[in-house]
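The structure appears right after this line, and notes come after that.
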Amino acid sequence: MKKHFELNNSIKIPSIGFGTWLIEDGAPCYNAVKTALNAGYTHIDTAATYKNEASVGKAIKEVAKREDIFLTTKVWNTDRGYNQTLEAFNHSLKLLQTDYVDLYLIHWPANQSQFDNWAEINSDTWRALETLYEQGKAKAIGVSNFLTPHLEALWKDAKVKPMVNQIEFHPGYTQEETVKWCKDHNVLVQAWSPLGSGRILEDPQVIEIANKYNISVGQVCILFALQQDVLPLPKSTNPERIALNLEVGDVQLTKQEIELLKNIQTTGFSGLNPSEVEF
Ligand code: A2P
């Protein structure tokens, strides 16, 4: 298994990250991140809106050396725009108990169904990320949930091109058009909910593949992302599964299996369309 992906600014990013969405602040998040770090994760993904940055920061401070960890956070939708984003970033840094992040993302695009000037709003927010990048406070910058119209509009205005696009991606929901655009433009795709938030783990076709290789269904989903050069961010609060999700070993799914997994039922889909969401 590849240990790192390389971003378009040559920074190396550990190829599996620990996701923290919906892990409650306080003991649950602190314990989960601590367990993940002890299990060998060196890449942790959080966001201002997860409201658990303080627990993530505390766990990293206690268990790891900051420089050994690749830490991502994201600016939430209510903080869009140049000045507000800079303020939100400083607030995140305080909670995370650090003076830089490895990756800072725009969490969702301002979209067409909410704003006439959505492209301008996204470009203003992006300028703040460029400033943070130039100041060295964010070692890499990128976006999340951007579809091709959002990417194309941003691309035209951006001095620094996004290094990452973090999107929903799992068996049954692979956003082929967006992934292709990102690959063509050297933007690394990260997968949120790589296990379909646990909803595809009962799928008989996924179970059959897991049984064939004697691995877990979670590991099948992680391999499914990695083999398509997509960086998975699995999350779990269960110590055994936290460790298991990092240990995918040398199994190689076949091309046919990847195709089959792409086309399983969309049970895992969150139902969130970034061009239409109202938050
Ligand atoms: P748990 O915390 O009990 O392990 P996703 O990363 O796609 O959002 O999925 C996360 C969900 O999948 C969580 O509910 C988590 O529950 C569950 N999960 C994580 N890893 C595994 C695994 N290897 N096998 C089964 N369920 C898993």
Side-chain angles (χ1 to χ4, degrees), residues 1 14-41 43-47 49-52 55-56 59 70 72-74 105 107-108 144-145 164-175 179 189-228 230-249 251 253 257-258 261-262 264-272 274 277:
M1 188 193 90
S15 62
I16 298 178
F18 184 69
T20 62
W21 181 42
L22 295 181
I23 306 186
E24 205 185 316
D25 198 27
C29 184
Y30 169 75
N31 288 330
V33 174
K34 216 168 129 177
T35 306
L37 293 169
N38 285 328
Y41 286 80
H43 175 179
I44 311 287
D45 181 276
T46 182
T49 195
Y50 300 171
K51 309 260 185 273
N52 59 16
S55 308
V56 170
F70 191 102
T72 301
T73 193
K74 318 183 189 84
L105 303 178
H107 206 146
W108 289 83
S144 180
N145 299 301
V164 164
N165 187 17
Q166 183 180 124
I167 58 173
E168 181 172 0
F169 181 98
H170 46 74
Y173 192 71
T174 50
Q175 308 211 58
V179 171
V189 177
Q190 296 184 332
W192 63 258
S193 279
L195 321 179
S197 292
R199 289 182 294 263
I200 44 182
L201 301 170
E202 308 284 309
D203 186 288
Q205 288 173 296
V206 186
I207 293 173
E208 199 181 316
I209 294 174
N211 290 343
K212 173 180 162 191
Y213 294 107
N214 199 19
I215 58 176
S216 79
V217 276
Q219 289 171 314
V220 171
C221 296
I222 289 162
L223 285 167
F224 173 75
L226 287 174
Q227 283 187 230
Q228 293 175 84
V230 170
L231 188 157
L233 300 165
K235 63 173 177 290
S236 175
T237 49
N238 172 295
E240 221 171 280
R241 288 194 284 274
I242 288 175
L244 210 61
N245 290 344
L246 191 63
E247 291 163 14
V248 286
V251 173
L253 305 176
E257 285 161 349
I258 299 271
L261 289 167
K262 279 185 187 173
I264 65 164
Q265 290 199 334
T266 53
T267 335
F269 177 43
S270 65
L272 299 172
V277 295

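All values reported here derive from a predicted model rather than from experimental measurement. Atoms within a ligand are numbered from 1 in the order they appear, just like the ligands themselves.
- In summary, the atoms of ligand 1 found under 4.0 Å from a heavy atom of Ser236, numbered by their order in the structure, are 1 (P), 2 (O), 4 (O), 19 (C).
- The distance criterion of under 3.5 Å between nitrogen or oxygen atoms is met by Leu195 with respect to ligand 1.
- With values rounded to the nearest 0.5 angstrom, Ile167 atom CD1 is found 10.0 Å from Gln190 atom CD.
- Near Pro234, with a cut-off below 4.0 Å to any heavy atom, the atoms of ligand 1 are 6 (O).
- Distance from atom 26 (N) of ligand 1 to its nearest protein heavy atom, with residue and atom name: Leu201 CD1, 3.0 Å.
- Contacts of Asn245 with ligand 1, taken as heavy-atom pairs under 4.0 Å, involve the side chain alone.
- Interatomic distance, Ile258 CD1 to Thr174 OG1, rounded to the nearest 0.5 Å: 10.5 Å.
- Every atom of ligand 1 with a heavy atom of Pro194 under 4.0 Å away is listed here by number and element: 6 (O), 7 (O).
- At least one heavy atom of Gly196 sits closer than 4.0 Å to an atom of ligand 1.
- Of all the atoms in ligand 1, the ones that sit under 4.0 Å from a non-hydrogen atom of Gly218 are 23 (N).
- Nearest protein neighbour of atom 14 (O) of ligand 1, counting heavy atoms only, is Ser197 O, 4.4 Å.
- Distance CG/Asp203 to NE2/His170: 12.0 Å, rounded to 0.5 Å.
- In plain terms, the two heavy atoms of Cys221 and Pro194 that are nearest each other are CB-O, 3.3 Å.
- A distance-only check finds a donor-acceptor pair linking the side chain of Gln175 to the backbone of Glu168 [under 3.5 Å].
- When atom types are taken as modelled, the side chain of Thr46 and the backbone of Thr73 share no donor-acceptor pair closer than 3.5 angstrom.
- The shortest heavy-atom contact between Ser236 and Asn245 is CB-ND2, 4.3 Å.
- Comparing Glu240, Lys235, Arg241 by heavy-atom distance to atom 13 (C) of ligand 1, the nearest is Lys235.
- Classified by interplanar angle (parallel below 30°, tilted 30° to 60°, perpendicular above 60°), the ring pair Tyr173/Phe269 is parallel.
- When heavy-atom distances to ligand 1 are checked against a 4.0 Å cut-off, Cys221 has no atom that comes that close, whether in backbone or side chain.
- Heavy atoms from both the backbone and the side chain of Thr237 come within less than 4.0 Å of ligand 1.
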